[in-house]
Participant: 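One structure is given below, represented as structure tokens, and several questions about it will come after.
Excluded from the calculations below are hydrogen atoms, water molecules and symmetry mates; all remaining heavy atoms, backbone and side chain alike, are included. Convention: sequence-line order gives letters A, B, ...; per-chain numbering from 1.
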There are 2 protein chains.
Amino acid sequence: MAGDSGAHGDLSSNGTHPTKDSKKATIRDVANKAKVSLGTVSNVLNDPERVAPATRNRVLKAIETTGFVRNIAARQLRGGGSKAVGIVILDSSNPFFTEMIRGAEDALRQEGYLLIACSTDGSNDREAMYLRHLEEHQVEGVLITPSNDDLEQIIDFHDRGTPVVLVDRESHSGELCSVTVDDVRGGSIAVSHLIDEGHTKILFINGPTTIRQCRDRRAGVDVALKSLKKVEEADWIEVVDLEVPSLSIASGEEISIELIDLDPTITAIMCANDLVAIGVMRGLARSGADLLSRVALVGYDDITFSSLVSPALTSVHQPQYDLGYAAARLLLEELGDSNHRHHEIRFTPDLVVRESSSGRSSQSQR
Amino acid sequence: MAGDSGAHGDLSSNGTHPTKDSKKATIRDVANKAKVSLGTVSNVLNDPERVAPATRNRVLKAIETTGFVRNIAARQLRGGGSKAVGIVILDSSNPFFTEMIRGAEDALRQEGYLLIACSTDGSNDREAMYLRHLEEHQVEGVLITPSNDDLEQIIDFHDRGTPVVLVDRESHSGELCSVTVDDVRGGSIAVSHLIDEGHTKILFINGPTTIRQCRDRRAGVDVALKSLKKVEEADWIEVVDLEVPSLSIASGEEISIELIDLDPTITAIMCANDLVAIGVMRGLARSGADLLSRVALVGYDDITFSSLVSPALTSVHQPQYDLGYAAARLLLEELGDSNHRHHEIRFTPDLVVRESSSGRSSQSQR
DNA sequence: ATGTGTTATTGAAACGTTTCAAAAACTTAT
DNA sequence: ATAAGTTTTTGAAACGTTTCAATAACACAT
């Protein structure tokens with residue numbers, strides 16, 4: 001920029017970083033350098049076919065010479081989009097969510113969007129705060145796993161003009177797009193696996209039934225049982241319920257204490273998610289209990305580390321990355337289509353069988 | 001807004017979401033409703049003491065009635081900040097980084113900033129792309145773990161006006177703030193622990209020595225050895241080196257094949273990070289090898305799941321959350337202080353001893 | 001009522017970019 | 001040289017908010 005001091009006018013210090021206070025080049029600087037109008041520079045940036053090649057090259061050179069970096073805020077103000085999307089998740093310590101973010105980020109990067117990540121830790125108030133900040137920034141859309149069952153605040157947010165895609169949560173009345181996994185089916189295939197292995201009395205450790213995913217997974221167990229009873233008249237299969245206050249490793253550890261003296265006719269445990277299952281494993285290991293050599297264990301989510309614990313955990317695989325990727329693609333679709341119709345993408349989970357449910361001694365007891 | 005149609009003027013459809021196309025309230029709408037000037041509304045929002053209570057209340061009511069949401073882009077254009085900070089990390093699958101993001105987000109949330117998360121996966125080109133996008137958005141600062149040793153592109157970015165804090169990386173010439181962990185010391189305390197346990201021949205599985213952290217951790221081993229040799233003239237301690245191409249679980253699994261026939265005089269293994277150590281464990285378990293019952297294993301990072309694998313992994317604890325939190329605080333400090341002097345915060349790691357290095361049979365062999 | 005000092009409010013202009021009607025420049029045909 | 005058609009370029013105005021010099025309003029003293 002050595003030869004351009006004149007184009008920048010006053011280079012006086014404004015008190016911030018006195019040693020490095022050059023003003024950034026604007027579109028006006030480029031226009032002056034290339035001896036064209038502001039509109040022509042804008043056309044070169046946004047509609048290059050409209051500009052004669054010679055002029056275009058002159059402008060491109062001036063852009064390089066001045067070190068021009070476009071100002072998104074100015075564009076946004078004039079009516080352009082913010083090129084940013086918010087993602088609001090529950091817990092950034094849970095690999096389920098971080099894989100989801102990864103999928104969303106990959107999809108958005110392809111279109112030149114930035115991803116603003118917000119963790120609510122299940123707090124409705126924090127969710128409200130983040131939504132407000134995102135609205136002030138005029139993000140082009142938001143991907144969100146709601147902090148609770150009541151979608152009112154999210155729907156209000158959407159109604160004020162920002163497209164929303166629900167992640168791992170349905171929109172019952174169809175006013176929002178959503179990406180979900182069929183948790184009823186997930187519960188069914190997990191319990192069916194255990195039944196196929198010969199287990200007849202199964203403990204289901206659920207999370208808070210205020211959480212729809214917990215309810216669905218448990219409901220899936222009933223669906224599988226009903227279906228089996230119809231086909232095989234299998235009336236001897238029994239499911240026992242227990243509930244932990246949160247879907248965390250800590251909750252699993254706490255409940256493991258109650259499992260030490262588990263009814264010996266229970267030969268299988270199914271947990272509402274992997275963190276709870278891992279906590280159970282950890283708690284039992286800590287207390288020296290040998291329960292898991294006779295009892296099968298199944299988790300839900302198939303987070304990255306489930307294959308690394310010992311015994312490796314059988315788990316219902318949720319396509320975490322795909323959830324995030326699909327949600328972002330759905331949002332991009334909505335942004336590009338003024339006649340967009342909301343819809344839902346539903347993924348089907350599958351079971352990944354590992355050590356924790358294999359070769360348990362249920363068959364010898366049956 | 002039912003009684004306000006006049007204030008909004010033309011509510012004609014612009015072809016986007018025809019059913020819900022109300023224009024958002026601007027500061028002008030608030031001013032009209034409260035019968036004050038634009039400047040007064042701005043003062044109520046930004047400098048409320050300057051406005052008479054009666055006027056202020058009238059304006060606040062109008063803000064509520066109109067549903068006004070401030071427009072950050074407009075403020076930014078006029079000279080306000082973007083209230084957004086970028087964080088550029090290497091790999092969002094590694095819990096080390098996700099914990100770090102969590103710390104940064106918590107610190108920034110307190111000041112009303114949003115966090116824009118970007119993953120480079122170690123790619124210099126992707127890092128460059130993200131830096132450019134962040135610059136267009138005029139983020140108020142960037143926290144970054146560099147994708148490689150060459151900081152030139154990051155320093156250029158900083159020199160163009162955006163404050164930068166390096167995370168887990170030093171700035172050798174002091175032109176940037178940084179937050180690091182003393183990896184030399186981490187290496188030392190890990191190997192010292194093994195020596196204290198009686199191990200005299202130790203295998204060090206390093207990552208790419210182009211990565212400064214890998215070099216430092218290995219260097220720390222030498223520092224501990226030198227120190228010990230001075231004090232106790234302990235010339236019998238030996239370290240054997242091996243290198244994996246990347247710090248991943250997969251690399252650890254691959255190298256585990258070579259460990260099956262490990263020299264029996266090697267009684268301890270130290271890995272450059274937890275993912276490699278976990279990979280080694282997994283690979284050995286898969287091949288049925290019983291090596292880890294006689295050989296101690298130490299990792300580095302102490303990611304969340306290290307305590308959950310079996311045997312639970314002894315690891316050098318890195319304060320991941322604190323790294324992120326401190327980096328963000330340092331950046332906020334720099335933003336608030338026009339006479340800011342760059343400095344470095346250096347954390348001291350500590351060793352968390354778990355099963356993987358306890359009670360290995362090294363002492364009976366010595 | 002007049003003068004002085006203080007507080008509160010106003011409103012023009014700035015910020016960087018895009019947009020599109022109008023003007024200018026270019027090309028081709030007569 | 002003139003006219004018509006096409007391409008290229010221009011530049012005024014808009015976007016929402018902040019800022020600060022100028023003005024208005026208010027309070028108090030004489």
Side-chain angles (χ1 to χ4, degrees), chain A residues 7-10 14-15 22-60 62-63 66-83 135-138 161, chain B residues 7-10 14-16 23-60 62-63 66-83 135-138 161:
Chain A
H8 288 280
D10 185 13
N14 69 0
S22 53
K23 284 199 66 81
K24 293 199 175 204
T26 68
I27 212 166
R28 186 179 300 279
D29 300 314
V30 176
N32 289 342
K33 183 130 188 89
K35 300 201 194 304
V36 295
S37 75
L38 300 183
T40 298
V41 178
S42 187
N43 278 329
V44 170
L45 291 170
N46 301 298
D47 200 354
E49 302 307 311
R50 218 180 231 196
V51 183
T55 310
R56 191 190 311 145
N57 288 333
R58 213 166 68 233
V59 171
L60 289 172
I63 283 169
T66 55
F68 172 74
V69 174
R70 111 175 39 199
N71 184 327
I72 294 283
R75 184 160 82 165
Q76 192 177 325
L77 188 57
R78 184 58 177 82
S82 63
K83 299 301 281 187
E135 195 169 0
E136 291 175 351
H137 278 81
Q138 300 189 300
Chain B
H8 289 280
D10 186 11
N14 70 359
T16 309
K23 282 201 64 81
K24 292 197 174 209
T26 69
I27 211 166
R28 185 177 303 278
D29 301 314
V30 176
N32 288 342
K33 183 129 189 89
K35 301 199 192 306
V36 296
S37 74
L38 299 184
T40 299
V41 178
S42 187
N43 279 330
V44 170
L45 291 171
N46 301 302
D47 201 354
E49 302 307 311
R50 216 181 234 196
V51 184
T55 311
R56 191 189 311 146
N57 290 332
R58 209 163 72 234
V59 171
L60 290 172
I63 284 170
T66 54
F68 173 75
V69 174
R70 109 175 40 200
N71 184 327
I72 294 283
R75 183 160 84 164
Q76 190 178 330
L77 188 56
R78 184 58 178 78
S82 65
K83 303 298 279 184
E135 193 169 1
E136 291 176 350
H137 278 80
Q138 300 189 303

Participant: Between B:Ile72 and A:Ala52, which residue's closest nucleotide on DNA chain D lies nearer the 5′ terminus?
Facilitator: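 Nearest-nucleotide comparison on DNA chain D picks A:Ala52.
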Participant: Any sub-3.5 Å donor-acceptor pair from A:Thr66's side-chain atoms to A:Ala62's backbone N or O?
Facilitator: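 Confirmed, A:Thr66 side chain pairs with A:Ala62 backbone.
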Participant: Write down the distance between CG (B:Leu45) and P (D:dG16), rounded to a whole number of angstrom.
Facilitator: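 Those two atoms, CG and P, are 15 Å apart.
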Participant: Round to the nearest Å and state the distance from B:Arg75 atom CZ to D:dT17 atom P.
Facilitator: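 To the nearest whole Å, that distance equals 10 Å.
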Participant: Any side-chain to backbone donor/acceptor pair from B:Asp29 onto B:Thr26? Under 3.5 Å, distance only.
Facilitator: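 Yes, the answer is positive, given that a donor and an acceptor are paired below the 3.5 Å cut-off.
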Participant: Tell me every residue that passes side chain to side chain contact (heavy atoms under 4.5 Å, CB included) with B:Arg78, counting only those two or more places apart in sequence or in another chain.
Facilitator: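 Per chain and number, B:Arg78 pairs via side chain to side chain contact (heavy atoms under 4.5 Å, CB included) with no residue.
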Participant: Separation of B:Gln76 atom CD from C:dT17 atom C1', in whole Å?
Facilitator: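 Interatomic distance, CD of B:Gln76 to C1' of C:dT17: 13 Å.
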Participant: Anything under 3.5 Å between a protein N or O and an N or O of nucleotides 19-22 of chain D, put it in a table, one pair a line.
Facilitator:
| from | atom 1 | to | atom 2 | distance (Å) |
| --- | --- | --- | --- | --- |
| D:dT19 | O4' | B:Arg78 | NH2 | 3.2 |

Participant: Counting side-chain heavy atoms from C-beta on, which of D:dT8, C:dT9, D:dT17 comes nearest to B:Val51?
Facilitator: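 Between D:dT8, C:dT9, D:dT17, the one nearest the side chain of B:Val51 would be C:dT9.
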Participant: Within a radius of less than 6.0 Å around CZ of B:Arg28, do more than 12 heavy atoms belonging to other residues, nucleotides or ligands occur?
Facilitator: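 It does not: B:Arg28 CZ has 12 such atoms or fewer within range.
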Participant: Give one of base, sugar-phosphate or nothing for A:Arg28, where a contact means two heavy atoms less than 4.0 Å apart.
Facilitator: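 Answer is nothing: A:Arg28 stays at 4.0 Å or more from every strand.
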Participant: Whole Å only: how far is the CZ atom of B:Arg58 from the P atom of C:dA8?
Facilitator: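 Result: 14 Å.
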Participant: Roughly how far, to the nearest 0.5 Å, is the CZ atom of A:Arg56 from the CZ atom of A:Arg58?
Facilitator: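 So the gap between those two atoms works out to 12.5 Å.
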Participant: Name the closest nucleotide to the B:Ser37 side chain, picking from D:dG16, C:dG11, C:dG16.
Facilitator: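 Of all the options, the side chain of B:Ser37 is nearest to C:dG11.
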Participant: What distance separates B:Ile72 CD1 from A:Gln138 CD, expressed to the nearest 0.5 Å?
Facilitator: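 Atom-to-atom, B:Ile72:CD1 and A:Gln138:CD are 9.0 Å apart.
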Participant: Specify the closest pair of heavy atoms between A:Gln76 and A:His137, including all atoms of both residues, with the distance to one decimal.
Facilitator: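 Looking at all heavy atoms of both residues, the closest pair is NE2-O, 3.1 Å.
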Participant: Whole-Å distance between C:dC15 C1' and A:Asp29 CG?
Facilitator: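 In whole Å, C:dC15 C1' lies 13 Å from A:Asp29 CG.
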Participant: Could you state the atom-to-atom distance from CZ of A:Arg70 to C1' of C:dG16 in whole Å?
Facilitator: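 Nearest whole value for this atom pair: 12 Å.
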Participant: Using a 4.0 Å heavy-atom cut-off across all strands, classify B:Val41 as base, sugar-phosphate, or nothing.
Facilitator: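 Nothing: the residue B:Val41, judged by heavy atoms under 4.0 Å, touches no strand.
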Participant: Expressed as a whole number of angstroms, how long is the span from B:Lys24:NZ to D:dT17:C1'?
Facilitator: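 Computing the B:Lys24:NZ to D:dT17:C1' distance gives 16 Å.
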Participant: Mind checking if A:Val36 touches a base, just sugar-phosphate, or nothing, with heavy atoms under 4.0 Å?
Facilitator: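 Touches sugar-phosphate only.
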Participant: So how far off straight is the helix from C:dA1-D:dT30 to C:dT30-D:dA1, going by the axes through five pairs at either end, to 10°?
Facilitator: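 Overall, the helix from C:dA1-D:dT30 to C:dT30-D:dA1 bends by 50° from one end axis to the other.
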Participant: Starting at atom CD1 of B:Ile27, determine the distance to atom P of C:dC15, rounded to an integer number of angstrom.
Facilitator: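 B:Ile27 atom CD1 is separated from C:dC15 atom P by 19 Å.
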Participant: Nearest 0.5 Å, please: how far is CZ in B:Arg70 from CG in B:Asn46?
Facilitator: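 The distance works out to 5.5 Å.
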Participant: Quick check: does any side chain N or O of A:Asn57 sit under 3.5 Å from a backbone N or O of A:Ala54, one acting as donor and the other as acceptor?
Facilitator: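 A pair under 3.5 Å: no.
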